[in-house]
Amino acid sequence: MRIAIEAQRIFRKKKHGMDFVAIESIKELQKIDIQNEYFIFVRPGEDRGVLKPSDNFHIVELKCPSYPLWEQVALPMAVKKIKADFLHCTSNTAPLFCSIPLIITLHDIIFLDKPKGVNKSVYQLFGRYYRKLIVPPAVRKSYKVITVSNYEAEKISRRLNLGRDKLEVIYNGVGEHFKPAVAESGKYILFFGNTDPKKNTERVLKAYSLYLGKSQFKLPLFVVDLKREYIVNLLKKSGLVDVLDNIYSPGYIDNSRLPVIYSEAYILLYPSLAESFGMPVLEAMACGTPVITSNLTAMPEIAGNGAITVNPYDEIEIANAILKIENDKELKEKMARKGILRASQFSWNDTALSLMNLYNNIVTD
């Protein structure tokens, strides 16, 4: 078989969740599939070394002035040229006119939800409306739709009126480099910030302020991937500027550095309002870091018994969960053990095997 995979953003310098899912899945497919021939379609970028070609894996860079043109025109033309048997689009969208069978990975369909408390850039708003326009018809004509949790599969089935037989749940994995990386943890409370309202940043800052008022240790809050100016504005809005001295915000951190960042943390705080998977939950667990996450959407499904779950709308409950772990060393150690065990149940090898099985079934169906 000649398999085409869209992985358009993996060469960009600052990568996020979907990019790593594509990279890790393709790398594992390279290890286990020596029969099929793969063509990985990407946009040019600085980080070409993240994925290397091999005998049956070819990397095809497509240049185009805009992403819509890249996806809707350049990609289907290139796929047709190589005479691929099917196209797998990995990034929540796909070309509308494709002459071969199509598989789409929908990590989430949050773009179909009504926006909450904006904070969106023009680029983000355009992306939301583009997907809202393109995804429903692309999904209807697709052979299969992959998603990353049973929670998200149910949501997609309801919102897009898809039968569950057309949906395939394939869990993400955890990179092998995520493991305990330091002898002792406990330097800070770790939080992955974001301007997206679903990340719950404003409530996390309020909960952190409540924690500081009761804690004997007053651990600093380490906020990843959020500009300090944005944090300052939120603190001013909430009347909590006095906690700013306890907050460290270095901005974006490369994935290769994350195992140490996780391992040095006392707790990962991840009380998001909505997630289709929540990769930082598993990554922190794999590093032996206790996790506090949300009791909503996919997070209980992924975390299992390896994390404390809280109501993400309740700042007091979030603060009390931090204090509970901080004041009970035995609980912290127990959570570290449970988390490592839970994370070990998710591997990129399993992800790739599931993908390969799905690909092979396209030919036999």
Side-chain angles (χ1 to χ4, degrees), residues 14-24 107-108 110 148-149 151-152 171-182 185 187-201 203-205 207-208 219 221-226 248-310 312 318 321-322 325 335-336 338-348 351:
K14 291 186 177 181
K15 287 181 269 291
H16 294 281
M18 287 189 288
D19 311 330
F20 291 115
V21 174
I23 291 165
E24 296 293 347
H107 296 265
D108 62 61
I110 197 167
V148 293
S149 64
Y151 163 80
E152 197 65 25
Y171 283 143
N172 296 328
V174 183
E176 293 179 0
H177 62 302
F178 288 105
K179 54 191 174 185
V182 296
S185 64
K187 289 186 176 181
Y188 43 76
I189 296 164
L190 180 62
F191 171 63
F192 281 77
N194 198 300
T195 58
D196 192 322
K198 77 169 187 172
K199 293 301 183 183
N200 212 15
T201 303
R203 287 190 186 88
V204 165
L205 293 174
Y208 179 65
L219 291 170
L221 183 66
F222 190 123
V223 181
V224 176
D225 207 15
L226 200 57
Y248 176 56
S249 49
Y252 179 81
I253 291 179
D254 189 85
N255 185 266
S256 62
R257 292 177 55 204
L258 285 178
V260 171
I261 300 296
Y262 283 125
S263 297
E264 289 184 338
Y266 199 88
I267 293 166
L268 171 70
L269 199 53
Y270 201 80
S272 180
L273 301 180
E275 295 291 339
S276 60
F277 191 82
M279 288 178 66
V281 170
L282 288 180
E283 290 169 352
M285 286 179 176
C287 293
T289 302
V291 174
I292 297 169
T293 191
S294 171
N295 60 10
L296 301 179
T297 64
M299 285 162 282
E301 176 185 343
I302 303 306
N305 68 348
I308 289 178
T309 57
V310 296
I318 296 169
I322 301 171
I325 299 172
M335 288 186 66
K338 281 187 172 183
I340 289 171
L341 182 61
R342 177 62 178 168
S344 70
Q345 296 169 28
F346 295 80
S347 76
W348 289 117
T351 302

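It should be emphasised that the depicted structure is a prediction, and the values quoted were computed from it without experimental measurement.
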Counting C-beta onward and ignoring hydrogens, is there a side-chain heavy-atom pair between I340 and P180 closer than 4.5 Å? yes
Output, in order, the C-alpha distance, side-chain angles, deciding distance and verdict of side chain to side chain contact (heavy atoms under 4.5 Å, CB included) for Y266 and I325. CA-CA 9 Å; Y266 199 88; I325 299 172; 4.0 Å; yes
Donor-acceptor check, side chain of E301 to backbone of Y151, threshold 3.5 angstrom: yes or no? yes
Aromatic contact, Y262 with F192 (centres under 6.0 Å): yes
Please round to the nearest 0.5 Å and tell me the distance separating atom CD1 of I292 and atom CE of M335. 6.5 Å
Should we say atom NZ of K187 is surrounded by more than 12 heavy atoms from elsewhere, each under 6.0 Å from it? no
Under 3.5 Å: donor-acceptor pair, side chain of S149, backbone of S276: yes
Could you measure the distance from the CG atom of N200 to the CD1 atom of I318? Nearest 0.5 Å is fine. 5.5 Å
For a 4.5 angstrom cut-off between non-hydrogen side-chain atoms, does M279 reach V21? yes
Specify whether F277 and F346 have parallel, tilted or perpendicular ring planes, treating 30° as the upper limit for parallel and 60° as the lower limit for perpendicular. perpendicular
Atom CD1 in I302, atom OG1 in T297: separation rounded to 0.5 Å? 9.5 Å
Are the side chains of P312 and N295 in contact, using a 4.5 Å heavy-atom criterion? yes
Judged by atom type as modelled, is there a donor-acceptor pair below 3.5 Å linking the side chain of T351 to the main-chain atoms of S347? yes
Can you tell me if CD on Q345 sees more than 12 non-hydrogen neighbours from other groups inside 6.0 Å? yes
Without swapping roles, check the side chain of S294 against the backbone of S272 for a donor-acceptor pair under 3.5 Å. yes
Is any side-chain heavy atom of L190 less than 4.5 Å from a side-chain heavy atom of F222? yes
With a 4.5 Å cut-off on side-chain heavy atoms, are K199 and E275 touching? yes
Please round to the nearest 0.5 Å and tell me the distance separating atom CG of L269 and atom OG1 of T293. 9.0 Å
Go through the steps for Y188 and V223 under the test side chain to side chain contact (heavy atoms under 4.5 Å, CB included), then give the verdict. CA-CA 10 Å; Y188 43 76; V223 181; over 6 Å; no
For L221 and L205, run side chain to side chain contact (heavy atoms under 4.5 Å, CB included): C-alpha distance rounded to whole Å, both residues' side-chain angles, the deciding distance at 0.1 Å, then the answer. CA-CA 9 Å; L221 183 66; L205 293 174; 3.9 Å; yes
Donor-acceptor check, side chain of N255 to backbone of K15, threshold 3.5 angstrom: yes or no? no
Could you state the interatomic distance from CG (D108) to NZ (K198), rounded to the nearest 0.5 Å? 5.0 Å
Output the distance between atom CG (L226) and atom OG1 (T201), rounded to the nearest 0.5 Å. 5.5 Å
For a 4.5 angstrom cut-off between non-hydrogen side-chain atoms, does I253 reach D225? no
